[in-house]
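Residue numbers begin at 1 in each chain, while the letters A, B, ... track the order of the sequences.
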2 protein chains.
Amino acid sequence: MQKKEAPLHNNLAWPTVQRLSEYLIILEQFAEGGREVISSSELAEVYSNTPSQVRQDIFRLPNTGRVGQGYRIKELAEAIRETLGLDSVTKIVIVGCGRMGMTLAQHIPFGEHGMKLCGIFDNDPTIIGLEIEGTKVEDVSILEKKVVESAVSMAVLCVPASVAQELADRLVSSGIKGILNLTRQRLKVPPGIYVQYEQIICSFMQLAYKCKQSPRPAPNL
Amino acid sequence: MQKKEAPLHNNLAWPTVQRLSEYLIILEQFAEGGREVISSSELAEVYSNTPSQVRQDIFRLPNTGRVGQGYRIKELAEAIRETLGLDSVTKIVIVGCGRMGMTLAQHIPFGEHGMKLCGIFDNDPTIIGLEIEGTKVEDVSILEKKVVESAVSMAVLCVPASVAQELADRLVSSGIKGILNLTRQRLKVPPGIYVQYEQIICSFMQLAYKCKQSPRPAPNL
DNA sequence: TTAACATTGATAAAATTTTAACAGCCATTG
DNA sequence: CAATGGCTGTTAAAATTTTATCAATGTTAA
């Protein structure tokens, strides 16, 4: 069976993109553990979906698995990175260094995923100047200057909701391409600019819905 | 036009549940601002989808909008809360009070969304005893006892990946129903227990994919 | 060498989700 | 009071996404 040529303009379905990013995390962990090969059914087991869906997701990738053998973990991970656009460095800034911004700055292994943290900005004089994970917090007044200078392409927005739109506008006018929005403010941006909303409270609500489907089980200690 | 009776066993499509939780945040903001009524097209505009989809999502809710008038914001919000299971109090614990756990404890307005934070647990003696937003951090060794006692139904997991599965097991055996997992460890849980994964790094990757679709625009200052 | 086995790549069918269309209702206006 | 306009509830069609199926292929064992 011959693998069809990968289409040049690879347009993946959004649910597929979401799963691929999660597969990548799983693959990286397997790789750390020294595993070299994984089958679609094993990945499906860990991810809690079906082998068929895993194969369908991987099907669009440039990579080739080995029929009868499974996938080389490193090759597959690389193929996912490439497809997601993580093979070349993505420059990022964090806007708002309150509790959440600071936590993200310290918590997220940007470097491990093809991203480079190029700046952290805040307007609080007691925070400006602090060094977090090797990056100094700068005054938000020089945000535009820095974003343009470094040609930053993505921003994380962790400011109070009341100023979120204003800062989004400033980021957009500085040429930013995507915003990861952790505020509860919906943002209005021009076409071609992408906003990804990340509201943990919504995840709670969604989990609450799942939990409602059946009664709480008895403890089993 | 007569509204059909709401089906008793209201089973919503998952994408619908996701959107409803986000609509709720938007509605709450409009309500704060003093607005009383909203139309499907207005909500669609803010959310960036279509009026048709908004109406389709709302269609399954027990609530009734007013034909020709739009939706009463408070009624609609209440209907969403009810449907999502946020009308009765959901008891929650936070497991792991490192940087992320602490940030969540301080950052998330549990009370405003029908949830009650019933405990924060860690194993670090320098952290145990701290009081965060009115809740004392307790020793994780009494986790099971507390979860059973208070009949807690959801947990947030913010521990190192290496101990995530172990703690998930302990939570499950204590009768927990749902886990919001912020670690990068995939969890294995029995059927009927729900895990919601929340990996910010994945949101970054997904945003990177969106951004890859078109080139970075020129700044426009 | 040949047969048995495991597992992918690919396609087709099934299921789900989104979009479109419109009748009916309420408020408002002339 | 009738006509107009705006917007929902509902259904049907279209599009997308998931699942099922199976031929093809490399590996291993007899």
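Nucleotide D:dC7 holds its P atom 16 Å from the CG atom of B:Leu76, rounded to whole Å. Following rounding to the nearest Å, B:Gln56 (CD) and D:dG9 (P) show an atom-to-atom distance of 11 Å. Note: CG (B:Asp57) to P (C:dT16) measures 17 Å, nearest angstrom. Between the C1' atom of C:dT17 and the CZ atom of B:Phe59 lies a distance of 15 Å, rounded to the nearest Å. The CD1 atom of A:Ile58 sits 10 Å away from the C1' atom of C:dT8 (whole-angstrom rounding). Following rounding to the nearest Å, B:Arg60 (CZ) and C:dT17 (P) show an atom-to-atom distance of 10 Å. Atom CZ in B:Arg72 sits roughly 15 Å away from atom P in D:dC7 (whole-Å rounding).
With respect to A:Glu144 and A:Arg170, a salt bridge is recorded, a charged nitrogen being found less than 4.0 Å from a carboxylate O. Salt bridge annotation for B:Glu28-B:Arg81: present, with a cationic side-chain nitrogen under 4.0 angstrom from a carboxylate oxygen. A salt bridge is defined here as a Lys NZ or Arg NE, NH1 or NH2 lying under 4.0 Å from an Asp or Glu carboxylate O, and A:Glu45 with B:Lys188 meets this definition.
If you check residues 16-53 of chain B against DNA chain D, the residues with a heavy atom closer than 4.0 Å are B:Ser39, B:Ser40, listed by number.
For the OP1/OP2 pair of C:dA6 and a distance below 4.0 Å, the side-chain nitrogens and oxygens of A:Tyr71 include no atom meeting the criterion.
For the side chain to side chain contact (heavy atoms under 4.5 Å, CB included) with A:Leu157, the lone residue among A:Asn181, A:Val93, A:Leu180 that qualifies is A:Asn181.
No cation-pi contact links B:Arg19 to B:Tyr47, judged by a cut-off of 6.0 Å to the six-membered ring centre and 45° from its axis. A cation-pi geometry, defined here as NZ or CZ lying under 6.0 Å from the six-membered ring centre and within 45° of its normal, does not hold between A:Arg66 and A:Tyr71.
If you check every strand for non-hydrogen atoms under 4.0 Å, B:Arg55 touches a base.
A donor N or O paired with an acceptor N or O is not found under 3.5 Å between the base of D:dT8 and the side-chain atoms of B:Gln69.
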